[in-house]
Amino acid sequence: MNSTKSRLTPRELEFVRHLPKPQQVQKFLNKLPYNNEPSPRRPTLRSFRNVLTHWNAHCMEAALAAAVILECHGYPPLVMSLESVDQLDHVLFIYRWRQYWGSVARSRDPGLHGRKPVFRSARNLALSYVDPYVDMTGRITGYAVVDLRVLGRYDWRLSKHNVWKAERLLQDTPHRQIRSSDRRIDHLRRRFKAFKRQYPNQKPMYYKGQEKWSEIPREFKT
């Protein structure tokens with residue numbers, strides 16, 4: 001942690017200093033444009049430094065940025081990988097507050113952002129994403145928690161290059177299975193499809209349990 005802070009530029013250090021809490025990092029990510037990597041651009045996996053430079057992030061870039069910021073304030077750099085049956089996985093930064101788990105995340109979908117620290121286990125935290133993950137093809141099948149410090153000297157924090165080794169670490173980590181009812185998933189998918197037929201340019205906000213969500217980006221509130 002100390003070595004990371006010593007390598008930050010004055011601008012980066014000042015930026016990090018103003019975001020000591022997960023809720024503040026979530027608000028920062030909410031304002032950050034989502035990195036859609038549109039064609040003809042190549043896929044990216046940017047470090048915290050490059051996220052600030054390009055001023056956008058997709059889900060894993062946001063998780064890495066949150067990990068760097070909050071590691072500087074004493075939080076372990078833990079990320080959770082959520083596997084989906086359609087291989088469109090999601091990554092989020094997770095943390096413990098007292099005995100409870102919470103998360104910080106960025107997504108194109110309102111229900112896949114952060115969670116307040118109210119979950120008694122990492123598994124329960126992962127389960128809170130099952131319903132809002134269901135769309136035309138998505139369905140969570142498993143989760144894994146990874147401490148990015150296992151990457152050792154690999155510079156996933158501040159590299160000026162893509163940090164694909166961090167992604168490979170998550171892909172290679174065994175995921176714990178999440179079982180969900182086929183009947184329930186089918187119901188959620190039919191509901192999603194019906195919503196999109198009626199409101200093709202909107203994202204659904206009909207999910208239960210939103211009192212456990214962190215603040216979501218402004219674009220989903222209108």
Side-chain angles (χ1 to χ4, degrees), residues 1-5 7-9 11-35 37 44-82 89-97 100-119 122 125-126 128-129 132 143-151 154-159 162-167 169-170 173 212-218 220:
M1 177 181 68
N2 292 332
S3 62
T4 300
K5 290 181 75 171
R7 294 170 56 215
L8 295 175
T9 66
R11 172 179 174 264
E12 291 167 345
L13 192 60
E14 183 68 8
F15 186 88
V16 166
R17 188 175 69 83
H18 283 90
L19 299 173
K21 298 179 180 180
Q23 296 86 346
Q24 294 168 320
V25 178
Q26 183 65 64
K27 288 183 178 180
F28 152 62
L29 294 178
N30 286 354
K31 297 176 182 178
L32 204 62
Y34 194 86
N35 178 14
E37 305 171 310
T44 65
L45 185 48
R46 296 168 178 152
S47 68
F48 163 69
R49 174 163 288 163
N50 274 347
V51 165
L52 289 190
T53 298
H54 292 272
W55 203 249
N56 60 37
H58 55 58
C59 73
M60 188 164 181
E61 292 170 340
L64 295 182
V68 172
I69 295 168
L70 290 167
E71 186 183 32
C72 289
H73 297 288
Y75 290 85
L78 303 178
V79 295
M80 175 180 285
S81 169
L82 296 174
D89 299 348
H90 188 39
V91 181
L92 43 145
F93 171 81
I94 67 171
Y95 66 95
R96 290 192 73 173
W97 181 76
Y100 299 103
W101 289 89
S103 63
V104 176
R106 186 68 169 100
S107 175
R108 286 170 289 197
D109 297 292
L112 302 186
H113 288 79
R115 297 289 188 266
K116 297 175 183 178
V118 296
F119 298 90
L125 174 61
S128 76
Y129 287 91
Y143 77 99
V145 176
V146 176
D147 188 332
L148 294 172
R149 288 175 292 191
V150 302
L151 289 169
Y154 182 72
D155 191 14
W156 58 269
R157 297 173 177 88
L158 301 176
S159 175
N162 287 311
V163 290
W164 297 116
K165 189 174 180 179
E167 182 181 66
L169 171 65
L170 299 190
T173 299
K212 299 178 181 179
W213 294 7
S214 300
E215 184 177 347
I216 62 174
R218 184 177 297 178
F220 300 116

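Atoms considered below: every heavy atom in the structure, side chains included; atoms not considered: hydrogens, waters and symmetry mates.
Residues Cys72 and Leu8 meet the side-chain proximity criterion, which asks for heavy atoms closer than 4.5 Å. Put simply, the side chain of Thr53 does not reach to within 4.5 Å of the side chain of Arg46, judged on heavy atoms. Contact of the Lys27 side chain with the Glu215 side chain is registered, since non-hydrogen atoms from C-beta on lie closer than 4.5 Å. Between Leu45 and Leu64 there is a side-chain heavy-atom pair separated by less than 4.5 Å. You'll find the side chain of Thr173 stays beyond 4.5 Å of the side chain of Ser81, heavy atoms only. Side-chain contact between Tyr95 and Pro76: absent, with no pair of heavy atoms (C-beta onward) separated by less than 4.5 Å.
Screening residues 103-118 for salt bridge (Lys or Arg N to Asp or Glu O under 4.0 Å), with sequence neighbours left out, gives Arg106-Glu219, Asp109-Lys203. Among residues at least two apart or in separate chains, ring pair (Phe, Tyr, Trp, His ring centres under 6.0 Å) pairs with a member in residues 13-32 are Phe15-Phe28, Phe28-Trp55. Each salt bridge (Lys or Arg N to Asp or Glu O under 4.0 Å) pair with one or both residues in residues 48-63, not counting sequence neighbours, appears once here: Glu12-Arg49.
Using a distance-only test at 3.5 Å, with no hydrogens or angles considered, a donor-acceptor pair links the side chain of Glu37 to the main chain of Thr44. For the pair Asn162 (side chain) and Trp164 (backbone), a donor-acceptor distance under 3.5 Å is absent. Between the side chain of Tyr129 and the main chain of His113, a donor-acceptor pair closer than 3.5 Å is present.
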Would you please test Tyr143 and Ile94 for side chain to side chain contact (heavy atoms under 4.5 Å, CB included) and show each step? CA-CA 12 Å; Tyr143 77 99; Ile94 67 171; over 6 Å; no
Determine whether Asp89 and Leu170 satisfy the following criterion, side chain to side chain contact (heavy atoms under 4.5 Å, CB included), listing intermediate values before the conclusion. CA-CA 10 Å; Asp89 299 348; Leu170 299 190; over 6 Å; no
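Contact record, Pro22 with Val104: O-CG2, 3.7 Å, taken as the closest heavy-atom pair. Listed here is the closest heavy atom pair of Val91 and Ala63: CG1-CB, 3.8 Å. Minimum heavy-atom separation, Met80 to Ala122: CE-O, 3.3 Å. When all heavy atoms are compared, the tightest approach of Pro77 to Phe93 is CA-CE1, 4.2 Å. In plain terms, the two heavy atoms of Leu70 and Pro20 that are nearest each other are CD2-O, 3.8 Å. Between Ala62 and Ala57, the shortest heavy-atom contact is N-CB, 3.8 Å.
Qualifying side chain to side chain contact (heavy atoms under 4.5 Å, CB included) partners for Asp155, counting only residues two or more places apart in sequence or in other chains: Arg7, Arg157, Leu158, Ser159. Annotation: side-chain hydrogen bond (donor to acceptor under 3.5 Å, both in side chains) contacts of Arg96 (sequence neighbours excluded): none. By the side chain to side chain contact (heavy atoms under 4.5 Å, CB included) test, Leu151 pairs with Leu148, Tyr154, Trp156, Lys165, Ala166, Leu169, sequence neighbours left out.
Under 4.0 Å is where a charged nitrogen must lie from a carboxylate oxygen, and between Glu14 and Arg11 no such pair does.
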